[in-house]
Amino acid sequence: MSAAAAAPRTATAPPTVWEPGSVIVLVGPPASGKSTWTSARFPPTARVSLDLYRGLLTDSEAAQGATEEALALRALVLEGRLRRARTTVCDSTSIEIPARAGLLARARAHGRPVAAVRFATPLEECLARNAARERTVPEGVVRAMHTALPTVEELYAEGFDAVHHPGDTTP
């Protein structure tokens, strides 16, 4: 193996223009800046979000009992956008491998480029933002998800075409 091939891959700043039909998977703990970052860069129609779909179903984005139906809605919307080659941002924590694997598989089935945007916001900042929210996530969940954040190399190994870091995640 050459030295260049063995060199670790690093995260880069996200592009300002994405390849049409790209699937962009946000990866980060609660309150790390994912939705804020997305809303500043993409139209609302480009965003698929479990929180959004739980809210549509129950009037509460926190209604975890509606997650199964929210996943079905996300799958339906994602599939329609993939068929139409529409750039799509998957706005959820995506901390767990199975969540990312499903999104990667759907993008690959349609031949779409797929990138991860990894939000490595400092834990104390996530906790402070979370505490300031109207709808908070239990602190232990924020801490556990922050600890479980995959590395850049892990994301590449899963099959992402690119891994980006958002730079300043301050809202």
Side-chain angles (χ1 to χ4, degrees), residues 10-64 66-67 70-71 73-75 77-78 81-82 86-96 99-100 102-104 106-107 112-152 154-155 158 160-171:
T10 59
T12 61
T16 54
V17 177
W18 297 81
E19 184 177 338
S22 293
V23 175
I24 302 151
V25 179
L26 307 185
V27 183
S32 59
K34 298 177 303 295
S35 296
T36 300
W37 182 85
T38 300
S39 64
R41 289 160 182 81
F42 296 93
T45 54
R47 181 176 169 243
V48 295
S49 163
L50 294 180
D51 286 347
L52 172 66
Y53 299 138
R54 279 191 290 262
L56 289 172
L57 292 164
T58 68
D59 294 329
S60 171
E61 292 182 353
Q64 296 299 309
T67 298
L71 283 165
L73 283 172
R74 181 180 75 180
V77 174
L78 179 60
R81 292 186 66 81
L82 286 167
R86 304 304 304 163
T87 299
T88 303
V89 181
C90 301
D91 182 0
S92 59
T93 59
S94 299
I95 292 292
E96 297 179 352
R100 295 188 303 272
L103 296 169
L104 274 160
R106 293 309 319 140
R112 303 288 177 237
V114 60
V117 179
R118 183 178 179 271
F119 287 76
T121 307
L123 175 60
E124 293 308 317
E125 190 171 341
C126 292
L127 292 172
R129 289 179 184 174
N130 184 55
R133 290 177 159 180
E134 183 176 318
R135 178 182 56 89
T136 61
V137 175
E139 183 177 319
V141 172
V142 176
R143 288 180 181 279
M145 287 188 169
H146 194 276
T147 299
L149 182 67
T151 66
V152 171
E154 288 169 330
L155 292 169
E158 289 173 23
F160 284 95
D161 297 317
V163 178
H164 303 292
H165 63 84
D168 182 11
T169 59
T170 305

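- Under the 4.5 Å side-chain criterion, counting only non-hydrogen atoms from C-beta, K34 is not in contact with S94.
- Atom CD1 in I24 sits 12.0 Å away from atom CG in L103 (nearest 0.5 Å).
- Remark: side-chain polar atoms of T58 are not paired, donor with acceptor, to backbone N or O of G55 under 3.5 angstrom.
- Qualifying salt bridge (Lys or Arg N to Asp or Glu O under 4.0 Å) partners for R118, counting only residues two or more places apart in sequence or in other chains: none.
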Check your understanding: Is there a side-chain hydrogen bond (donor to acceptor under 3.5 Å, both in side chains) between T67 and R54 once you walk through the steps?
Key -> CA-CA 6 Å; T67 298; R54 279 191 290 262; 3.0 Å; yes
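- From R106, atom CZ reaches atom CZ of R74 across 12.0 Å, with rounding to the nearest 0.5 Å.
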Check your understanding: Between L127 and V142, is a side chain to side chain contact (heavy atoms under 4.5 Å, CB included) present by the stated rule, with each step listed?
Key -> CA-CA 7 Å; L127 292 172; V142 176; 3.8 Å; yes
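- Considering only residues two or more places apart in sequence or on other chains, P20 meets the side-chain contact (heavy atoms from CB on, under 4.5 Å) condition with none of them.
- Around CZ of R47, the count of heavy atoms belonging to other residues, nucleotides or ligands within 6.0 Å exceeds 12.
- Scored by the side-chain contact (heavy atoms from CB on, under 4.5 Å) test, V77 finds V48, Y53, R81 as partners (sequence neighbours excluded).
- Judged purely by atom type and a 3.5 angstrom limit, S32 uses its side chain to pair as donor or acceptor with the backbone of P29.
- Distance check, rounded to the nearest 0.5 Å: OG1 of T93 to CE of M145 gives 4.0 Å.
- Of all heavy-atom pairs spanning L57 and A66, the tightest one is CD1-O, 4.0 Å.
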Practice item. Start with the C-alpha gap between R135 and D51, add the side-chain angles, then the distance that decides, and say whether side chain to side chain contact (heavy atoms under 4.5 Å, CB included) holds. Key: CA-CA 11 Å; R135 178 182 56 89; D51 286 347; 3.3 Å; yes
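- Distance check, rounded to the nearest 0.5 Å: CG of L123 to CG of L149 gives 11.0 Å.
- Residue I95 comes nearest to A148 through the heavy atom pair CG2-CB, 3.6 Å, listed as atom of the first residue, atom of the second, then distance.
- Heavy atoms of other residues, nucleotides or ligands lying less than 6.0 angstrom from CD of E96 number 12 at most.
- The aromatic rings of W37 and F119 sit perpendicular, their planes meeting at an angle over 60°, well past the 30° parallel limit.
- Here the side chain of H165 pairs no donor or acceptor atom with the backbone of T10 at under 3.5 angstrom.
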**Study point:** Full working for side chain to side chain contact (heavy atoms under 4.5 Å, CB included) between V117 and V89
**Key:** CA-CA 10 Å; V117 179; V89 181; over 6 Å; no
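- Taking each heavy atom of V152 and A11 in turn, the nearest pair found is CG1-N, 3.7 Å.
- The CG atom of L73 sits 7.5 Å away from atom CG of L56, with the distance rounded to the nearest 0.5 Å.
- Remark: T12 engages H164 in a side-chain contact (heavy atoms from CB on, under 4.5 Å) (not counting sequence neighbours).
- The shortest non-hydrogen separation linking V137 to P30 is CG2-CB, 3.9 Å.
- N130 places no side-chain N or O within donor-acceptor distance of the main-chain N or O of T136, the cut-off being under 3.5 Å.
- Scanning all heavy atoms of the two residues, the minimum distance from D161 to P113 falls at OD2-CA, 3.3 Å.
- Legend: salt bridge (Lys or Arg N to Asp or Glu O under 4.0 Å) pairs involving residues 136-145, not counting sequence neighbours, sorted by first then second residue: E139-R143.
- The side-chain contact (heavy atoms from CB on, under 4.5 Å) search around R112 returns V23, L82, A85, A107, H110, not counting sequence neighbours.
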